[in-house]
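Down below is the structure, laid out as structure tokens.
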2 protein chains.
Amino acid sequence: MTDAERHLRADAARNVERIVRAAREVYADVGPDAPLEEIARRAGVGIRTLYRRFPHKEELIRAALDQSITEDLSPAIERALDDDNPLRGLTSLIEATLSMAAREHNTLAAAKNSGTLTAEVSAPFLDSLTLLTRRAQQASLIRADLVPDDVCRIMGMLTGVLWSMDHHSDGWRRYVTLILDALSPIGASPLPPAVPMQQEPQDGCWPMR
Amino acid sequence: MTDAERHLRADAARNVERIVRAAREVYADVGPDAPLEEIARRAGVGIRTLYRRFPHKEELIRAALDQSITEDLSPAIERALDDDNPLRGLTSLIEATLSMAAREHNTLAAAKNSGTLTAEVSAPFLDSLTLLTRRAQQASLIRADLVPDDVCRIMGMLTGVLWSMDHHSDGWRRYVTLILDALSPIGASPLPPAVPMQQEPQDGCWPMR
């Protein structure tokens, strides 16, 4: 590769990074239907550059989601799994997920609308939540009768409340506390049977409208 | 009024009742986008009779919802308010609401899609749930720190899980039990502050997609 080629590639990568970051900002400010022209403008690139990097809108939305997961959620997952108290780890990961879902609310809505909010998106943190739940159960810190589908549904219940509040608020914390009380082994009532998940498989645990 | 007029009116009322009941059945069997022709066929009336009684589809959907509320939810509300144990009353009304929402899932979805699922629809049972919550709080049967907006959001969390299961199952009972454990004063953690409801005012507590 010549120096000129290397320079071109680095330039292209910087453009992609800038466009994706601009997309997250514009979705947050304008809403899930924000026009691509506005994203190009915010990124400081021409609309043709944007289309060259992201021929389909879905690819840009998915890249925006992936960037936010890599930057915000992945470090939280690592920290949570390293916590020597699995309940504290579980709590911190639930909070990180809700915090990200609140901040990236419009990006998530855009992903939902465009069909790119697949189960694959939620798999990394859902698997970690399930693992932390099992560890906390083994340590008798949360009720023994929870199953993995409960974890998915509980995350759905929690992300569902985001629709009822200002996205800039952290009012969701109240419902995390309520749910953690529900998960406590103290005073736990016997649970009726768990039925299998039957939502659209692509939906994962995102109960988006 | 002549006998003939009386006869005609009774006939019209019977037709309306039959069409509305057929609509609920057809939505349940076929889905929220069921064609009006199918509803007319099931009711045993001509499509022109259906259009004469319900010039707009929204009116039929709303009538179907009202019929199901009158038949299923109103008696449950009365029984719950009459229960001398307010927690048992609250529990039975939550269960009746979820049971109705599961059974009438497609009618609710049709109402949501057509914009007729207004807050007005949920007001009667929501007011009763709030009243029963207050009574149960006064009897120290549920935690003292719940506010009315919590009741609305909790019902939203519970109806939200319906999307993840076969509508004919009563798998939602598991999450009612979990939530009732969350509402118990036993082992209740201090709650972060409640933030005001900010959803579309017409949405009520129905977190429909």
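Reminder, nothing fancy here: chain letters follow the sequence lines and each chain counts from 1.
At a 4.5 Å heavy-atom cutoff, the contact between A/S189 and chain B is made by backbone and side-chain atoms alike. In this structure, chain B has no heavy atom under 4.5 Å from any part of A/D170. Interface remark: A/I154 contributes side-chain atoms only to the contact with chain B (heavy atom separation under 4.5 Å).
By number of non-hydrogen pairs under 4.5 angstrom with chain B, the leading residue of A/V195, A/L191, A/L158, A/V176 is A/L191. In terms of heavy-atom pairs under 4.5 Å with chain A, the best-connected choice from B/A194, B/A188, B/G187, B/P196 is B/A194.
In plain terms, the two heavy atoms of B/P192 and A/T177 that are nearest each other are CD-OG1, 3.2 Å. When all heavy atoms of A/D150 and B/Y175 are compared, the pair lying nearest together is OD1-OH, 2.6 Å. In terms of heavy-atom proximity, B/R143 sits nearest to A/L178 at NH1-CD2, 3.4 Å.
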Please step through side chain to side chain contact (heavy atoms under 4.5 Å, CB included) for the pair A/I186 and B/I186, ending with a clear verdict. CA-CA 8 Å; A/I186 301 163; B/I186 299 164; 4.3 Å; yes
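The environment of A/R9 atom CZ is sparse: at most 12 non-hydrogen atoms of other residues, nucleotides or ligands sit within 6.0 angstrom.
Side-chain N or O atoms of B/R174 include none that pairs as donor or acceptor with a backbone N or O of A/P193 at under 3.5 Å.
Rounding to the nearest 0.5 angstrom, the gap separating the CG atom in B/D181 from the OG atom in A/S184 is 8.5 Å.
At a threshold of 4.5 Å between non-hydrogen side-chain atoms, the residues B/M157 and A/I179 count as touching.
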